[in-house]
Asker: 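Can you read through this structure? Questions will come right after.
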Amino acid sequence: MCGVVGYTGKRQAVDWLLDGLQTLEYRGYDSAGVQVVSPSGNLHGVKCAGRVAILRERAHTANLHGTCGIGHTRWATHGTPTDRNAHPHLDCTGRIAIVHNGIIENYQQLKRELMADGHEFRSDTDSEVVAHLVEEAWAGPARGDLAAAVRNACDRLEGSWALAVACADVPGELVVTRLGSPLVVASTDDGAYVASDVMPLSSVTSRVFQLDDRDIATLHADGSIDIVDRDGRLVSNPVAMEIDWDASAARLGGYSDFMAKEISEQPEAIERLLAGRLGKHGIELDELKLGKEELAALRHVVIIACGTSYHAGLTAKVAIERWAKIPVSVEYASEFIYDDDYLVPDHTLCVVITQSGETADTLAAARRMRGMGCDVFAITNVLGSTAAREADGTLYVQAGPEVAVASTKAYTAQMVASFLLALRLGFANGRLTRDEVEKHLHDLEQIPDLMREVLSRRWQDKQAARRFRHKGSSLFLGRNVSSATAFEGALKLKEISYLHAEAYPAGEMKHGPIALLEPGFPVVAVVPAGHVHDKTMSNIQECLARGASVIAVATDGDERVAKLCQEVLGVPNCPDDIIVPAVSVLHLQMLARYVARDRGYDVDKPRNLAKSVTVE
Ligand code: G6P
């Protein structure tokens, strides 16, 4: 979703702004722009629909000079993705520029009022009102004090925002603020920086500061930053955060795309997550921040998530119900928030799963659960993210930066993190003995090598991808825990190859989707060994009888599958069926990637999608 960058200091601003925007491309966007304060004290900039690479060319032609500026990647919400709707937006005088991430919910009313006062609007965005509100404050009560003008403007806003504001009358100064949308700042010898997340800042520092909601920070050219909180008090000790991965983790390092790199990083991510977990509580999960008695008293778990994280939640449900014998509901955050009749039993733990930690729906749902008196436990990949800051306890999945929009390594790490939670709960409530916990943990420790084996079979996925050529639709099937894998496989394919993919619990196929089948129709069936294998085989037969091409994800040595199905994506024997989803899904990630590449698409930056969905 939208990305914000800003810099003031000794260097030419445009260079870092463009590099920073390029680093933020992973969030998903459709247009971009930069604006700098020129040495002659004027604002000048460029903006355009399309990629940062186009912006870079235009910025080069425009020869933008200046050591203070702001930049933005826009993911359209209000107004189509066009040059005029791209940020930065200027006020009527052309001396104030703003970039904004979030949604100004009362923009229509504000726009009407501002237009009645003679302001001229040049875009269809909600964001532009901010430029005019700052203009009003600057011309009136806050003249000469940009931070006061920004505060004054924000007092009239409803919604969410991360804002960076430059003003040609105070060259060398940037004012930034946030409410509900993330923003981090960094102070260096070269100058002061701001960005929506730590990714662009990792090239200039390993230490960043997070702003709290309604903090206003003024960035100065000497690198100093003044932060004032919502009550106007100076924040003398802002919360510092160390970036604990080296900047190269977010570079391609020889891979053709980030998705390929991140798929291949999964074994190491799981090893990191599992390291040192066995201890006196069975599983060491201090991150949970709940004592043994509180854990033992839990009667219900509600898992809340969106997208791929929701699929991790479906697997988590199986693990928690099996190991801890606690009933689990898994809810889409966007549905849960507005379900006024939702009943939450006493002693419920809320678990939010979110790789970014910034998904607006998930955050709203977590706040609602806290409001209902539940403890909230976050499973996330991003250090210091809003979900982590607001939760009672947080388990970082430690997958490292995930740049490709379609989640891969964060997904499997979320699943394994939830297995740890299930073991911790099961041990705390006496459903699992220490020996059983040890055994299950030992099984989990097999996952990295099992994943390596699947990765070595990527040729199978490449070969199977040919079955999707010239097709307009596909079906993914699985039963029980494998239905979550089928859902995730279909989502991956849709996200990056733009091919329609329908996922169904295999037994439900006969109630509708079977009508789609025709000769050559691609069906992906997840059919590992286990108690539902034979039932799924019957569904595969039903597909084959209608001429479908079946691509089966099956356990090594499954002769029936090998004989019947057109393609087999082989999975080595796993010691427990619960860990199969974390291993078998790698095939479906690779399959989706090969299909997308076959169609000539950019697998890292699929159209219309955003990595971090900060609007409801
Ligand atoms: C977006 C991303 C998905 C992600 C979903 C939920 O749609 O493109 O990859 O699964 O948001 O994001 P979260 O950060 O909450 O896991």
Side-chain angles (χ1 to χ4, degrees), residues 1-3 24-30 73 75 77 101 180-182 196-197 199 258-259 262-263 303-316 330-337 350-367 376-391 394-397 399-415 417-418 484-485 487-498 501 503 585 588-589 592-593 596 602-616:
M1 210 137 268
C2 304
L24 288 175
E25 282 190 303
Y26 83 100
R27 294 169 71 95
Y29 72 105
D30 42 52
T73 46
W75 187 86
T77 58
N101 176 17
S181 290
S196 312
D197 65 41
M199 290 280 220
F258 281 104
M259 188 173 184
E262 289 156 10
I263 289 173
I303 297 177
I304 295 177
C306 303
T308 287
S309 299
Y310 176 84
H311 299 150
L314 296 178
T315 317
V330 191
E331 308 294 345
Y332 285 116
S334 53
E335 286 293 297
F336 171 80
I337 325 172
C350 169
V351 178
V352 292
I353 306 182
T354 163
Q355 49 84 21
S356 65
E358 302 295 348
T359 303
D361 287 326
T362 306
L363 296 177
R367 287 173 196 139
V376 174
F377 181 62
I379 294 179
T380 185
N381 192 31
V382 179
L383 202 70
S385 55
T386 307
R389 278 147 44 110
E390 294 186 2
T394 301
L395 175 55
Y396 288 111
V397 301
E402 192 178 66
V403 176
V405 167
S407 182
T408 53
K409 61 177 178 170
Y411 173 62
T412 46
Q414 285 168 342
M415 256 192 271
S418 74
T485 311
F487 282 116
E488 176 58 12
L491 181 62
K492 283 284 91 73
L493 192 68
K494 266 188 287 225
E495 284 181 305
I496 61 170
S497 74
Y498 318 146
V585 76
L588 301 189
Q589 297 168 346
R593 178 176 169 275
D602 177 345
V603 296
D604 288 340
K605 297 189 273 294
R607 68 185 181 202
N608 302 338
L609 297 181
K611 182 84 188 159
S612 184
V613 182
T614 50
V615 296
E616 280 188 22

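Both counts, for ligands and for their atoms, begin at 1 and track the order of listing.
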Asker: Under 4.0 Å from any heavy atom of Thr308, which atoms of ligand 1 are there?
Answerer: 10 (O)
Asker: For atom 6 (C) of ligand 1, what's the nearest protein heavy-atom neighbour? Residue, atom name and distance, please.
Answerer: Cys306 O, 3.4 Å
Asker: Considering both backbone and side-chain atoms of Ala406, is one of its nitrogen or oxygen atoms within less than 3.5 Å of a nitrogen or oxygen in ligand 1?
Answerer: no
Asker: How would you list, by chain and number, every residue that makes a side-chain hydrogen bond (donor to acceptor under 3.5 Å, both in side chains) with Ser407, sequence neighbours excluded?
Answerer: Glu402
Asker: When you measure from atom 13 (P) of ligand 1 to every protein heavy atom, which one gives the shortest distance, and what is it?
Answerer: Thr359 OG1, 3.2 Å
Asker: Can you list every side-chain hydrogen bond (donor to acceptor under 3.5 Å, both in side chains) pair that touches residues 377-388, not counting sequence neighbours?
Answerer: Glu358-Thr386
Asker: Of all the heavy-atom pairs spanning Glu262 and Ala404, show the shortest one and how long it is.
Answerer: OE1-N, 3.2 Å
Asker: Among Ser309, Gly307, Gly28, which one has a heavy atom closest to atom 16 (O) of ligand 1?
Answerer: Ser309
Asker: Go through it in stages, so that I can follow the logic: the residues are Glu25 and Thr73, the test is side chain to side chain donor-acceptor pair (under 3.5 Å), and I'd like the CA-CA distance, side-chain angles, deciding distance and then a yes or no.
Answerer: CA-CA 7 Å; Glu25 282 190 303; Thr73 46; over 6 Å; no
Asker: Nearest protein heavy-atom contact for atom 3 (C) of ligand 1: which residue, which atom, what distance?
Answerer: Glu495 OE2, 4.1 Å
Asker: Output yes when a side-chain donor or acceptor of Asp604 lies under 3.5 Å from a complementary backbone atom of Phe258, and no otherwise.
Answerer: yes
Asker: Does Leu609 have a non-hydrogen atom less than 4.0 Å from ligand 1?
Answerer: no
Asker: Could you identify the single nearest non-hydrogen protein atom to atom 11 (O) of ligand 1 and state the distance to 0.1 Å?
Answerer: Val613 CG2, 3.8 Å
Asker: If you have a sec, work out which protein heavy atom is nearest atom 14 (O) of ligand 1 and how many Å separate them, to one decimal?
Answerer: Ser356 OG, 2.6 Å
Asker: Could you see which bit of Ala410 sits under 4.0 Å from ligand 1, with heavy atoms only: side chain, backbone, both or neither?
Answerer: neither
Asker: Which ligand 1 atoms does Val405 reach within 4.0 Å, using its non-hydrogen atoms?
Answerer: 8 (O), 9 (O)
Asker: What protein heavy atom lies closest to atom 8 (O) of ligand 1? Include the residue and the distance to one decimal.
Answerer: Ala610 O, 2.9 Å
Asker: When you measure from the side chain of Arg27 to the backbone of Lys611, do you find a donor-acceptor pair of N or O atoms at a distance under 3.5 Å?
Answerer: no
Asker: Do Gln414 and ligand 1 have an N or O pair less than 3.5 Å apart?
Answerer: no
Asker: Should Thr354 be counted as touching ligand 1, given the test is an N or O pair under 3.5 Å?
Answerer: yes
Asker: Say whether, by atom type as modelled, one donor and one acceptor occur between the side chain of Lys409 and the main chain of Pro401 under 3.5 angstrom.
Answerer: yes
Asker: Kindly say whether Val585 contributes a backbone atom to a donor-acceptor pair with the side chain of Tyr411 at under 3.5 angstrom?
Answerer: no
Asker: Just by modelled atom types, is the Asp30 backbone N or O under 3.5 Å from a matching donor or acceptor in the Trp75 side chain?
Answerer: no
